[in-house]
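To start, the structure under review is shown below, and the notes come after it.
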Amino acid sequence: MDVNAIKEKFQELYGGYLYFSPGRINLIGEHTDYNGGFVLPGAIDKGMLAQIKPNGTDKIRAFAFDLNEKAEFGMNEEDLPEQGWAKYIFGVVREIIKRGGKVGGFDTVFSGDVPLGAGLSSSAALESTYAFALNDIYNLGIDKFELAKIGQATEHNYVGVKCGIMDQFASVFGKEGSLIRLDCRSLEYEYVPFDPKGYKVVLIDSVVKHELASSAYNKRRESCEAVVAAIKKRHPEVSLLRDADMAMLNEVKTEVSAEDYMRAEYVIEEIQRLLDACEALKKGDYETVGQKMYETHAGMSKLYEVSCEELDFLNDIAKTCGVTGSRVMGGGFGGCTINLVPEAKYDAFIEKATSEFTKKFGKAPKVYPVRIGDGSRRLA
């Protein structure tokens with residue numbers, strides 16, 4: 001991302017203030033959010049950059065630098081713009097106004113280096129950038145937690161995606177040298193140290209997205225709910241799989257389908273894996289963290305069945321190259337593996353993963369090295 005080019009373009013058109021919000025990774029804790037469990041995201045050094053200047057009108061004039069597209073729209077509900085990218089900005093403005101925030105029209109140019117479609121939450125980075133910026137420019141006094149909720153509500157109400165809060169939370173609350181253990185039920189959080197000296201974190205993008213992702217996702221949620229309903233008959237205190245353990249699951253093994261049992265087994269084990277990984281991180285024990293990542297991949301592949309041939313192939317290559325930890329990141333059915341790689345083995349791993357994947361699948365994977373960085377902030 002060429003920061004200077006964006007600055008020059010904006011100064012040429014408008015002038016103003018410069019803001020940045022990051023994308024995110026999730027080290028471990030997949031499909032745990034809707035089961036009331038934990039996630040372990042961190043902000044990364046790639047994100048969305050926006051320059052903004054109030055224009056004294058009731059209109060927003062926006063320029064998407066990477067798409068070379070302009071949009072102009074008002075701030076009332078009926079002013080919803082047509083362009084998909086503009087709906088994110090409009091949604092953030094509307095959600096602020098709904099909460100009593102007074103904002104005026106502004107001019108803006110934005111750009112990003114979060115790869116689209118790689119599961120790094122480019123949309124959350126865009127929402128967080130504008131929520132943070134408008135709060136700052138107009139002195140609205142909105143706390144960081146509410147900024148994350150504004151981004152989430154934008155997805156729900158203006159984009160049509162019923163997402164959880166992890167992506168926006170990580171983008172706003174990110175902290176260099178730390179991951180965030182977020183309790184998806186209570187929304188309590190704590191920073192967990194992440195300073196893997198001698199290791200690199202890299203995503204390998206399979207560049208595939210299988211069509212059954214959304215319907216399969218819903219089916220897995222239904223499996224989890226079915227198991228909770230069965231357990232609840234014996235244990236009324238259980239309202240989410242987060243409340244259950246393997247002993248409770250085994251009590252109802254004959255009352256649920258084999259498929260539902262497998263799904264619940266994965267989730268219960270994954271919630272515990274995340275807690276174990278957090279303890280290992282606090283001790284600087286990255287070998288244990290890596291082992292938990294491999295266990296997560298096996299569970300997502302064999303029990304939750306949300307991996308695919310391409311992702312399993314990348315995970316196998318990671319093992320043969322001595323990568324400390326590797327797993328599918330995100331909902332599955334395509335996307336990336338996240339890999340914790342000893343620096344001494346990094347180049348050989350990337351070379352082998354790229355060449356072997358290309359040979360087998362006829363196209364090269366994309367490689368995204370990432371570092372953990374700070375959350376939303378004003379740059380200038």
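Small disclaimer: the values here were computed from a predicted structure and weren't measured.
Proximity of L340 to V201: side-chain heavy atoms (C-beta onward) are separated by under 4.5 Å at one or more points. Side-chain contact check for R99 versus I142: every heavy-atom pair is 4.5 Å or farther apart. Between I204 and N339 the shortest side-chain heavy-atom distance falls below 4.5 Å. C308 places a side-chain heavy atom less than 4.5 Å from the side chain of L311. In this structure, the side chains of V267 and V227 stay at 4.5 Å or more apart for every pair of heavy atoms. Annotation: side chain of R234 is not in contact with side chain of M248 (no heavy-atom distance under 4.5 Å). Between Y294 and V323, the closest side-chain pair of non-hydrogen atoms falls below 4.5 Å. When side chains are defined from C-beta on, I165 counts as touching K149, because their heavy atoms get closer than 4.5 Å.
Annotation for F90 and E77: closest pair CZ-O, 3.8 Å, computed over non-hydrogen atoms. Taking every heavy atom of both residues into account, M48 and A125 meet most closely at CG-CB, 3.8 Å. Across all their heavy atoms, C184 and L187 have their closest contact at O-CD2, 4.0 Å. When every heavy atom of L249 is checked against every heavy atom of A264, the shortest pair comes out as CD1-CB, 3.8 Å. For the residue pair G105 and Y138, the shortest heavy atom distance occurs at O-OH, 3.5 Å. Of all heavy-atom pairs spanning K175 and I372, the tightest one is O-CG2, 3.7 Å.
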Legend entry - Stepwise salt bridge (charged side-chain N to carboxylate O under 4.0 Å, His left out) check, D183 with R181: CA-CA 7 Å; D183 183 328; R181 193 187 85 168; over 6 Å; no
Inset, instruction - For side chain to side chain contact (heavy atoms under 4.5 Å, CB included), just list the numbers for H297 and D312, CA-CA rounded to whole Å, side-chain angles, deciding distance to a tenth of an Å, and then say yes or no. - result: CA-CA 8 Å; H297 186 90; D312 289 344; 2.8 Å; yes
Legend entry - Q291 vs E295, side chain to side chain donor-acceptor pair (under 3.5 Å): CA-CA, chis, key distance, verdict: CA-CA 6 Å; Q291 177 191 330; E295 289 172 9; 3.0 Å; yes
Legend entry - Audit row: L134, F106, side chain to side chain contact (heavy atoms under 4.5 Å, CB included) steps and yes/no: CA-CA 10 Å; L134 296 174; F106 55 89; 3.7 Å; yes
Inset, instruction - For side chain to side chain contact (heavy atoms under 4.5 Å, CB included), just list the numbers for V370 and D45, CA-CA rounded to whole Å, side-chain angles, deciding distance to a tenth of an Å, and then say yes or no. - result: CA-CA 6 Å; V370 295; D45 56 343; 4.1 Å; yes
Legend entry - Chi angles and distances behind the side chain to side chain contact (heavy atoms under 4.5 Å, CB included) call for V159, Y88: CA-CA 7 Å; V159 183; Y88 291 102; 3.5 Å; yes
Legend entry - side chain to side chain donor-acceptor pair (under 3.5 Å) between T296 and R273, intermediate numbers included: CA-CA 8 Å; T296 291; R273 265 193 294 271; 3.2 Å; yes
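Rounded to the nearest 0.5 angstrom, Q152 CD and E95 CD are separated by 10.0 Å. The structure places CG of L275 at 8.0 Å from CD1 of I271, a figure rounded to the nearest 0.5 Å. Once rounded to the nearest 0.5 Å, the distance linking SG of C321 with NZ of K319 reads 12.5 Å. How far CD of Q168 is from OG of S21: 10.5 Å, rounded to the nearest 0.5 Å. In this structure, CD on E270 lies 11.0 Å from CG on N35, to the nearest 0.5 angstrom. Atom CD1 of I25 is separated from atom CG of L179 by 6.0 Å, given to the nearest 0.5 angstrom.
Within the 6.0 Å centre-distance limit, the rings of F145 and F169 are counted as a close aromatic pair. Residues Y217 and Y34 bring their aromatic ring centres within 6.0 Å.
A tilted orientation is assigned to the rings of Y286 and Y199, their planes being inclined by 30° to 60°. Ring orientation note: the planes of Y304 and H31 are tilted relative to one another, at an angle of 30° to 60°.
We find that R24 and D167 are joined by a salt bridge, their nearest charged nitrogen and carboxylate oxygen being less than 4.0 Å apart. Using a 4.0 Å cut-off between charged side-chain N and carboxylate O, R327 and E30 make a salt bridge. The pair K360-E310 does not count as a salt bridge, with every side-chain nitrogen at least 4.0 angstrom from each carboxylate oxygen. K283 has no carboxylate O lying under 4.0 Å from a charged side-chain N of E279, or vice versa, which leaves the two without a salt bridge. With salt bridges taken as basic N to acidic carboxylate O contacts below 4.0 Å, none links D107 and K53.
Within 6.0 Å of NZ on K197 lie no more than 12 heavy atoms contributed by other residues, nucleotides or ligands. In K144, the NZ atom is crowded: over 12 heavy atoms of neighbouring residues, nucleotides or ligands sit closer than 6.0 Å. The local environment of NZ in K98 is crowded, with over 12 non-hydrogen atoms from other residues, nucleotides or ligands closer than 6.0 Å. Around the CD atom of E237, the shell of radius 6.0 Å holds more than 12 heavy atoms that belong to other residues, nucleotides or ligands. Counting non-hydrogen atoms of other residues, nucleotides and ligands closer than 6.0 Å to CZ of R371 gives a total of 12 or fewer.
Side-chain atoms of K209 come within 3.5 Å of backbone N or O of G332 as a donor-acceptor pair. Distance alone, capped at 3.5 Å, is enough to place a donor-acceptor pair between the N26 side chain and the L40 backbone. Proximity of a side-chain donor or acceptor of T129 to a complementary backbone N or O of F20 within less than 3.5 Å is not detected. Here the side chain of D136 pairs no donor or acceptor atom with the backbone of F132 at under 3.5 angstrom. A distance-only check finds no donor-acceptor pair linking the side chain of Y266 to the backbone of M300 [under 3.5 Å]. Of the possible polar contacts, one joining the K46 side chain to the P369 backbone as a donor-acceptor pair under 3.5 Å is found. D79 contributes a side-chain N or O that, together with a main-chain N or O of M75, makes up a donor-acceptor pair within less than 3.5 Å. Looking only at distances, no side-chain donor or acceptor of K70 sits under 3.5 Å from a matching main-chain atom of F63.
Cation-pi geometry between K253 and Y261 is met: the NZ or CZ atom falls under 6.0 Å from the ring centre, inside 45° of the normal.
A71 pairs by the side-chain contact (heavy atoms from CB on, under 4.5 Å) definition with F73, Q83, W85, A86, not counting sequence neighbours.
In this model, no donor atom of one side chain and acceptor atom of the other lie less than 3.5 Å apart for Y130 and T154. With no hydrogens or angles considered, no side-chain donor-acceptor pair links N315 and T337 at under 3.5 Å.
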